[in-house]
Amino acid sequence: NAGVTQTPKFQVLKTGQSMTLQCAQDMNHNSMYWYRQDPGMGLRLIYYSASEGTTDKGEVPNGYNVSRLNKREFSLRLESAAPSQTSVYFCASRDGQGPYEQYFGPGTRLTVT
Amino acid sequence: QKEVEQNSGPLSVPEGAIASLNCTYSDRGSQSFFWYRQYSGKSPELIMFIYSNGDKEDGRFTAQLNKASQYVSLLIRDSQPSDSATYLCAVDGAGSYQLTFGKGTKLSVIP
């Protein structure tokens with residue numbers, strides 16, 4: 001039981017390049033999330049998927065797109081990377097609303113030069 | 001905009017002391033409240049959650065919730081150097097799939 005997995009762990013991009021961050025969970029959770037974490041800013045929600053087939057914007061969606069490929073997988077795409085997107089990205093999953101734990105992946109450290 | 005406020009710290013306590021971490025939230029409809037611990041360079045991991053007013057104890061950790069005051073706290077008894085981390089408060093709004101996180105309080109336990 002791997003929990004939430006993310007690839008890659010580290011990535012360096014040049015401004016304007018694109019990339020997709022992959023996330024998968026094996027806990028049969030309905031909801032999945034993408035966060036970014038910057039020093040002094042805490043965890044900020046980029047996009048989430050309450051259930052398979054739905055996606056919604058979070059607090060900071062600009063510059064990102066997401067795809068809920070199936071119940072297990074939720075990807076985050078940067079179409080044209082900018083230095084402001086340098087951050088640590090966490091994927092998370094949860095069984096749904098209410099008192100359910102949200103489980104986090106190990107994170108992707110992205111640097112855009 | 002739902003807000004969750006925490007004192008950023010750092011909070012320094014001697015080994016063996018009680019560490020008290022506080023969190024306030026703006027959404028009166030919030031239902032569930034979570035405390036996560038995050039070590040440097042790692043992902044957040046859940047310590048405990050609470051959804052009823054009062055205290056909830058789990059080992060050395062006690063979460064306290066006061067919905068009237070919109071206040072939730074975490075007490076760590078017999079603090080250990082291994083407790084040194086950033087503690088994140090998260091709040092689940094009514095009818096919402098999202099957790100809103102505070103910016104975290106950095107705790108240092110001094111041997």
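Values below: all heavy atoms of this structure, side chains included; hydrogens, waters and symmetry mates excluded. Labels below follow one simple rule: chain letters A, B, ... track the order of the sequence lines, proteins then strands, and each chain is numbered from 1.
When heavy atoms are compared at a cutoff of 4.5 Å, B:Q38 approaches chain A solely by way of its side chain, counted from C-beta outward. Heavy-atom distances place the side chain of B:L88, and not its backbone, under 4.5 Å from chain A. If you measure heavy-atom distances from A:F90 to chain B, the contacts under 4.5 Å come from the side chain alone. Contacts of A:L45 with chain B are made by side-chain atoms alone, with heavy-atom separations under 4.5 Å and no backbone atom involved. In this structure, no portion of B:F33 lies under 4.5 Å from any heavy atom of chain A. Interface residue B:S43: backbone and side-chain heavy atoms are both found under 4.5 Å from chain A.
For chain A, the option among B:S32, B:S8, B:P44, B:G104 with the highest count of heavy-atom pairs below 4.5 Å is B:P44.
Interatomic distance, CG of A:D56 versus CD of B:Q98, reported as 8.0 Å (0.5 Å rounding). Rounded to the nearest 0.5 Å, atoms CD (A:E101) and CE (B:M48) are 12.5 Å apart.
Around atom NZ of B:K106, no more than 12 heavy atoms belonging to other residues, nucleotides or ligands sit under 6.0 Å away. The environment of CZ in B:F61 is crowded: more than 12 heavy-atom neighbours from other residues, nucleotides or ligands sit within 6.0 Å. Around the CZ atom of A:R109, the shell of radius 6.0 Å holds no more than 12 heavy atoms that belong to other residues, nucleotides or ligands.
Cluster annotation: B:Y87 is connected to B:I50 through the hydrophobic network of ILVMFWY side chains, with a link wherever side-chain heavy atoms come within less than 4.5 Å. Hydrophobic cluster membership is shared by A:L110 and A:Y47, with clusters built from Ile, Leu, Val, Met, Phe, Trp and Tyr side chains linked at under 4.5 angstrom. Cluster membership for B:L46 and B:L74, using ILVMFWY side-chain heavy atoms within less than 4.5 angstrom, is not shared. Note on A:L43 and B:W35: separate hydrophobic clusters, where clusters join Ile, Leu, Val, Met, Phe, Trp and Tyr whose side-chain heavy atoms are under 4.5 Å apart, directly or indirectly. The same ILVMFWY cluster, assembled from side-chain heavy atoms under 4.5 Å apart, contains both A:V88 and A:Y48.
Using a 4.5 Å heavy-atom threshold, the side chains of A:Y35 and B:F101 count as touching. In this structure, the side chains of A:Q102 and B:F49 stay at 4.5 Å or more apart for every pair of heavy atoms.
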B:Y97/A:Y33 under ring-ring contact (aromatic ring centres under 6.0 Å, His included): CA gap, chis, key distance, verdict: CA-CA 10 Å; B:Y97 288 90; A:Y33 306 82; 8.2 Å; no
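Using a 4.0 Å cut-off between charged nitrogen and carboxylate oxygen, A:R94 and B:D92 count as a salt-bridge pair.
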